[in-house]
Novice: 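Dropping a structure here in structure tokens format, bear with me for questions.
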Amino acid sequence: MSITTRKWLSMPLSEIANIDRTAVSPENIKSGTNYVGLENVTNSGKFVGVATVSNGDLASTKYVFTNKHILYGKLRPYLAKIARPDFSGVCSTDILPILPSPKVDRGFLLHYLRQPRMVDYASSRTSGANLPRLSPKTLAEFEIPLPPLSEQKRIANILDKADAIRRKRQEAIDQFGTLTHSLFNDMFAKKLSTTQWTGLDNYLVELRYGTSNKSGDGGYTTLRIPNIVRGIIDLDDLKTVELSENEFEKLKLIDEDILFVRTNGNPDYVGRCAVFESKQMKQAGLNANKVTYASYLIRARLQLDRLRPVFLQSLLQTSAGRNNVREKCRTSAGQYNINTKGIGSLQIPDIKFNEQVEFEKRVLSLRPVQNNLIESHKESDQLFNSLVQRAFKGKL
């Protein structure tokens, strides 16, 4: 596939880079070696939580990589996990190390493979039932444009700078998230170690799975896993689903419902949640009375006079809350899952209701600042994506 200007020649990836599957068995991995799994690479190409391993820690063969490689996640849910390490180590065999030849600039190749259209194309070429993968052979056939090397470097440099801007804005959002955590700890940390804890099911009206109907051109606005991010509901990339009136009545969302992500390949994403607010829908020009949710989410409806949803959502973002969620997760075919029974058994501290309300007021007072940061990040994302499109059409 080639999605570039005709002015540039193109070559298969195999002719300008090597998909380097140099393997090392567990017993030959030296202590102190960096290990990268899919969970250590974000969809924006950032490395998170990379740690060293000791000899014998890893149970299976891994691939070797250096700071000259590009790491390319080959599982379909993670095809945007393409990163440029500045260190050496070993990685999961679900990650393909690509070693560029002198014909292609590493940064240029990275940005070309990471652009949304190439990620979508790669996704369409995967195979397999449970966890579709992109084969090394198929990846090797991808057509890569080859402007002069100096032009490649110029393009990569521009895109690197634009990418750095959006990363800084993402970091600002992440740092803002720590403010909420700090507020929670200031108000409740000491009390969590002394109060009684009980199951979430004691505070529930109900738990319910979402619709498995496929999205279409009409129907009800439907929230999905990508809409539950950073502890809030993101209204980008909304879908609609057709439901009967009876189905919708069972699955409609109302103010202060909480939506939980129930399945993901990354255990840190399972159980992440956000509070539904009709005000947010109205501000976005949506009909707040016509919103539902998809099957990979679970709706929790609380006894609101006993447990406040913002308090619960913030509790589950703490390290203790995340550990509690992980304990309830189960794995199957590489996916982590939590069901209604697991969510109902999550442990909740007995914090006075008026203190929960006070915490909620403080968090919501910060929401406008958070929304401004998110909008700023979206603008930088749009700018970056626009630059990428222009770059690979030869118009930058």
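All figures in this text were calculated on a predicted structure; none of them were measured in a lab.
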Novice: Please list, chain by chain and in numerical order, all residues satisfying side chain to side chain contact (heavy atoms under 4.5 Å, CB included) with K191, sequence neighbours excluded.
Specialist: I351, E355

Novice: May I ask you to list the residues sharing a hydrophobic cluster with Y269, side-chain cutoff 4.5 Å, ordered by chain and number?
Specialist: none

Novice: Consider only side-chain N and O atoms of D160 and H111, and report whether a donor and an acceptor are under 3.5 Å apart.
Specialist: yes

Novice: Among pairs that include at least one residue of residues 198-257, which meet ring pair (Phe, Tyr, Trp, His ring centres under 6.0 Å), considering only residues two or more places apart or in two chains?
Specialist: Y220-F248

Novice: Can you tell which of I338, V261, T331 makes a side chain to side chain contact (heavy atoms under 4.5 Å, CB included) with V270?
Specialist: I338

Novice: Give every residue pair that meets the salt bridge (Lys or Arg N to Asp or Glu O under 4.0 Å) criterion with at least one member in residues 272-287, sequence neighbours excluded.
Specialist: E277-R367

Novice: Judged by modelled atom types alone, do S278 and D255 share a side-chain donor-acceptor pair under 3.5 Å?
Specialist: yes

Novice: Which residues pass the ring pair (Phe, Tyr, Trp, His ring centres under 6.0 Å) test with F311, not counting sequence neighbours?
Specialist: F184, F188

Novice: Among pairs that include at least one residue of residues 196-218, which meet salt bridge (Lys or Arg N to Asp or Glu O under 4.0 Å), considering only residues two or more places apart or in two chains?
Specialist: E206-R208, E206-R299

Novice: Consider only side-chain N and O atoms of T263 and N337, and report whether a donor and an acceptor are under 3.5 Å apart.
Specialist: yes

Novice: Can you name the residues that form a ring pair (Phe, Tyr, Trp, His ring centres under 6.0 Å) with F260, not counting sequence neighbours?
Specialist: none

Novice: So which residues get pulled into V90's cluster when ILVMFWY side chains under 4.5 Å apart are joined, directly or through others?
Specialist: V24, I29, Y35, V53, L58, V64

Novice: Please list all pairs passing the salt bridge (Lys or Arg N to Asp or Glu O under 4.0 Å) test where one or both residues lie in residues 16-34, with sequence neighbours left out.
Specialist: none

Novice: With A284, which residues qualify under side chain to side chain contact (heavy atoms under 4.5 Å, CB included), at least two apart?
Specialist: L235, L286

Novice: Output all residues satisfying side chain to side chain contact (heavy atoms under 4.5 Å, CB included) with N287, sequence neighbours left out; order by chain, then residue number.
Specialist: N289, K290

Novice: Who pairs with L183 by side chain to side chain contact (heavy atoms under 4.5 Å, CB included), at least two apart in sequence or on another chain?
Specialist: M187, F359, R362, V363

